[in-house]
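Scroll down for the structure; my scribbles are underneath it.
Hydrogens, waters and symmetry mates play no part in the numbers below; they use all other heavy atoms, side chains included. Proteins get letters first, then strands, A, B, ... in listed order; numbering begins at 1 in each.
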Number of protein chains: 2
Amino acid sequence: MRLTRAGEYAVRCMVYLAHKGQGVLISKQEICERADIPSHFLAKIAQELAKAQLIIIRQGPKGGYYLLPQPEDVSLLQVVEVMIGEIFLNDCIDRPQSCTLSKSCSVHRVWDKARNQLRETLGAVSLAELAEKESCIPVFPASISSSSQE
Amino acid sequence: MRLTRAGEYAVRCMVYLAHKGQGVLISKQEICERADIPSHFLAKIAQELAKAQLIIIRQGPKGGYYLLPQPEDVSLLQVVEVMIGEIFLNDCIDRPQSCTLSKSCSVHRVWDKARNQLRETLGAVSLAELAEKESCIPVFPASISSSSQE
DNA sequence: GGTAAATAAGATAATTAATGTCTTATTTAT
DNA sequence: ATAAATAAGACATTAATTATCTTATTTACC
């Protein structure tokens, strides 16, 4: 019951972009190096983020990614669920038919509550808040090392 | 980010035993059939529950399992964590060294809060509560079908 | 337009975790 | 002593995750 690497990488990428500001194009390479994400892995992650309309991908030289919505308008929950799918915690919440009683099942109700709380907590915080405070993702506008990964 | 089958089975098994009452010996076969758990899989799960002092295993003819503590004294969280390990949600919570700033990282703080909430919710409900109310685990003292799984 | 830089897209491989099964050993009621 | 019941651990299968590789496409710049 843990966030996947892909989910973790997506969060890092999004926080990094949010820190740079909405619409600011950043090269994939810079993101990889700064947020410590394997280059090809980020490519796949970015595709999903783009499909979900969270970023825009620009190809070609001077290409890269930029944040599509305002950082205030994207929650941590959104980013996480784009990557790992909707959070359910327990199978019987996802597929009510897997459990005959669902609605009146005491165990079911606990998982339902836990799930709602979790989604609420992750949904209450925006990329803007995450980016404006100090975080593990190094964002200072320093020079990028020239050791490419690609 | 979902409870494993093993975790789900463990909960079913424990709720079933709790419904029967502390100290009441129930055959493994009965539990398997009623809670719909593959027999050999339950064997492994039971070993972990026993190691964690949640049940006692009796071998031999007329053997089976019974609840060691009072149902009031076992939380859903305990059962779940015996099976899947301590819940962390995010790697950086489990291993603070995986993230340089940990304490002051804004992302870290959200996961920490979410984790605490989740563990609190699961920790607040006991097997006694789960067993006394209606649940998906069929517990009525009916006859067991004679079609053995073993 | 041509070229090179940058990312896309999808296939594939490697790794790890989860699930389930099988075999042999041990315990215990009768 | 025997048979019933579970233990313990090895093994197999499946699925998910993570990562990489190859080929294709886009686009800035000459």
Counterpart residues, salt bridge (charged side-chain N to carboxylate O under 4.0 Å, His left out), relative to B:Arg119 (two or more places apart)
B:Glu81

Tell me, please, which residues at least two apart from B:Glu86 pass salt bridge (charged side-chain N to carboxylate O under 4.0 Å, His left out).
B:Arg115

Salt bridge or not for B:Glu48 and B:Lys44, using N-O below 4.0 Å?
no

Whole angstroms only, please: what is the [atom1]-[atom2] distance between [X] and [N]?
| X | N | atom1 | atom2 | value |
| --- | --- | --- | --- | --- |
| A:Ile45 | C:dG10 | CD1 | C1' | 16 Å |
| A:Glu48 | C:dT7 | CD | P | 18 Å |
| A:Tyr66 | C:dA6 | OH | P | 18 Å |

Which residues pass the ring pair (Phe, Tyr, Trp, His ring centres under 6.0 Å) test with B:Phe41, sequence neighbours left out?
B:Tyr9

A:Ser126: partners by side-chain hydrogen bond (donor to acceptor under 3.5 Å, both in side chains), with sequence neighbours left out:
A:Glu129

For B:Gln117, give me all partners under side-chain hydrogen bond (donor to acceptor under 3.5 Å, both in side chains), at least two apart in sequence or on another chain.
A:Thr121

For DNA chain D, which residues in residues 53-65 of chain B have a heavy atom at a distance below 4.0 Å?
B:Ile57, B:Arg58, B:Gln59, B:Gly60, B:Pro61, B:Lys62, B:Gly63, B:Gly64, B:Tyr65

Got a sec, which residues hit side-chain contact (heavy atoms from CB on, under 4.5 Å) with [X], two or more places apart in sequence or on another chain?
| X | value |
| --- | --- |
| A:Glu132 | none |
| A:Glu72 | A:Gln70, A:Ala128 |
| B:Ile84 | A:Met1, B:Leu3, B:Thr4, B:Val80, B:Ile87 |
| A:Ala124 | none |

Considering only heavy atoms, which members of residues 79-90 of chain B lie under 4.0 Å from some atom of DNA chain C?
none

Starting at the 5' end of nucleotides 18-23 of chain C, put B wherever the base has a protein heavy atom under 4.0 Å, S where only the sugar-phosphate does, and a dash everywhere else.
SSBBBB

